[in-house]
Amino acid sequence: MPRQITAFSNPLVKSVRLLREKRHRREQGRFLAEGLRILTEALDAGRVAETIFYAAESAAHPLVHRLVAAVEAGGGEAIETSRDILHKLSGKDNPQTVLGVYREFTRPLATLDRATAAIWLVAQSLRDPGNLGTILRTGDAVGAGGLILIDECVDPFSVEAVRASMGALFTQPIAAAAWPDFIAWLRGGPGQLVGLSLDTDIDYQAPAYAAPTFLLVGNEAQGLPAEYAAACDLLVKMPMLGCADSLNAAVATAVMAYEVLNQRRRAG
């Protein structure tokens, strides 16, 4: 049966609140996700929270019942609490009524099966959690095989990135690797590496993309390092007809991903 926690000084509240910080997420191997929709999508994807906190007024909601039952069946704990406690845990002035604690689940690069999807997304030194979350949503939307994070990227399990992913964090496999390891893995099998770059004259709609296509986007400020761009099979860019010289990294990834998807659809 769920238990109640109403004291800010409760040790579990203190421990979970620390998960808002990267260092403590790494130490515990856990992260926070909030919102009924995101937690339900996680459950539908086979991810069950270790602990769930929910506001007392939401206890009668059928989806809350489902989440509580799944957590308890998995050996976890369900906590009924107040909005003030949820505010302390999430750091938001208007917190969601449900919050879950999950185990981190990045995968080794070697466990990815490139044959499972025609599109894969690759991000190098991405810094903005909103961009990372949006790229995960794009991956889910186009049926990508997953997201591969290259070098030092923003933490995909930060509260901001999880929120921005709108549940796609739980549907998209995530791997992390250093650049040399990624290239060695990529060249060990089929795969076309397509870099998004301003240093090319090739329009993004001109090439015929080969499956599986690995779409590589660089850091928001610097773009792709020269040696990374040189290792790509193809560099492409999007036309910029206004004053801006580039698109947001997540937007550019989405445009490219849908171009590749549409080519597959037209090919039948």
Side-chain angles (χ1 to χ4, degrees), residues 114 117-156 158 160-169 171-172 174-176 179 182-183 186 190-268:
R114 71 186 73 199
I119 303 172
W120 293 79
L121 305 182
V122 188
Q124 185 265 332
S125 294
L126 206 65
R127 291 288 182 252
D128 184 85
N131 280 338
L132 193 149
T134 301
I135 288 173
L136 284 168
R137 291 180 69 184
T138 295
D140 179 84
V142 302
L147 173 62
I148 302 171
L149 301 175
I150 303 298
D151 300 336
E152 289 296 321
C153 285
V154 64
D155 184 3
S158 70
E160 297 81 5
V162 174
R163 190 180 297 147
S165 80
M166 293 298 292
L169 174 79
T171 67
Q172 287 285 288
I174 301 173
W179 176 253
F182 167 70
I183 284 294
L186 180 69
Q192 182 186 38
L193 183 60
V194 179
L196 282 63
S197 174
L198 296 176
D199 299 324
T200 180
D201 293 325
I202 301 177
D203 185 273
Y204 78 110
Q205 290 186 318
Y209 297 106
T213 308
F214 290 81
L215 299 176
L216 172 62
V217 63
N219 172 267
E220 293 94 339
Q222 282 81 39
L224 291 176
E227 62 180 291
Y228 293 26
C232 291
D233 299 304
L234 188 62
L235 294 176
V236 298
K237 71 176 182 181
M238 292 146 204
M240 304 298 299
L241 305 183
C243 296
D245 62 358
S246 65
L247 290 174
N248 167 275
V251 172
T253 300
V255 172
M256 272 301 309
Y258 270 96
E259 173 61 23
V260 176
L261 175 63
N262 285 333
Q263 285 195 12
R264 303 273 187 271
R265 295 170 68 196
R266 287 194 293 267

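This structure is a prediction, so every number in the text was calculated from the model and none was measured.
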Can you confirm whether [X] sits close enough to [Y] that some side-chain heavy atom of one is under 4.5 Å from a side-chain heavy atom of the other?
X	Y	result
Pro129	Asp155	no
Leu216	Ile148	no
Val260	Val194	no
Gln205	Met238	no

For the residue pair [X] and [Y], what are the closest heavy atoms and their distance?
X	Y	result
Cys153	Ala123	SG-O, 3.6 Å
Ala117	Pro212	O-CB, 3.6 Å
Ala168	Asp140	CB-CB, 3.9 Å
Ser125	Asn219	O-ND2, 2.8 Å
Leu169	Pro156	CD1-O, 3.7 Å
Leu132	Ala161	CD2-CB, 4.4 Å

Main-chain N/O of [Y] paired with [X] side-chain donor or acceptor, under 3.5 Å:
X	Y	result
Arg127	Glu152	yes
Arg137	Met166	no
Arg163	Gly133	no

Distance (rounded to the nearest 0.5 Å) between [X] [atom1] and [Y] [atom2]:
X	Y	atom1	atom2	value
Thr171	Leu136	OG1	CG	7.5 Å
Glu160	Asn131	CD	CG	13.0 Å
Leu121	Ile135	CG	CD1	7.0 Å
Ile183	Ile150	CD1	CD1	8.0 Å
Leu234	Leu215	CG	CG	10.5 Å
Tyr204	Leu196	OH	CG	11.0 Å

Check against side-chain contact (heavy atoms from CB on, under 4.5 Å), Leu261 and Ile119: CA-CA 8 Å; Leu261 175 63; Ile119 303 172; 4.0 Å; yes
Among residues two or more places apart or on two chains, list those pairs meeting salt bridge (charged side-chain N to carboxylate O under 4.0 Å, His left out) that have a residue in residues 220-238. Arg187-Asp233
Hey, what's the ring geometry for Phe214 with Trp120, parallel, tilted or perpendicular (30° and 60° as the breaks)? parallel
Which is it for Val236 and Tyr209 under the side-chain contact (heavy atoms from CB on, under 4.5 Å) test, yes or no, and what are the steps along the way? CA-CA 11 Å; Val236 298; Tyr209 297 106; 3.6 Å; yes
Taking atom CZ as the centre, does Arg265 end up with more than 12 heavy-atom neighbours from other residues, nucleotides or ligands that are less than 6.0 angstrom away? no
Yes or no on side-chain contact (heavy atoms from CB on, under 4.5 Å) for Asp151 and Tyr228, after CA distance, side-chain angles and deciding distance? CA-CA 12 Å; Asp151 300 336; Tyr228 293 26; 2.6 Å; yes
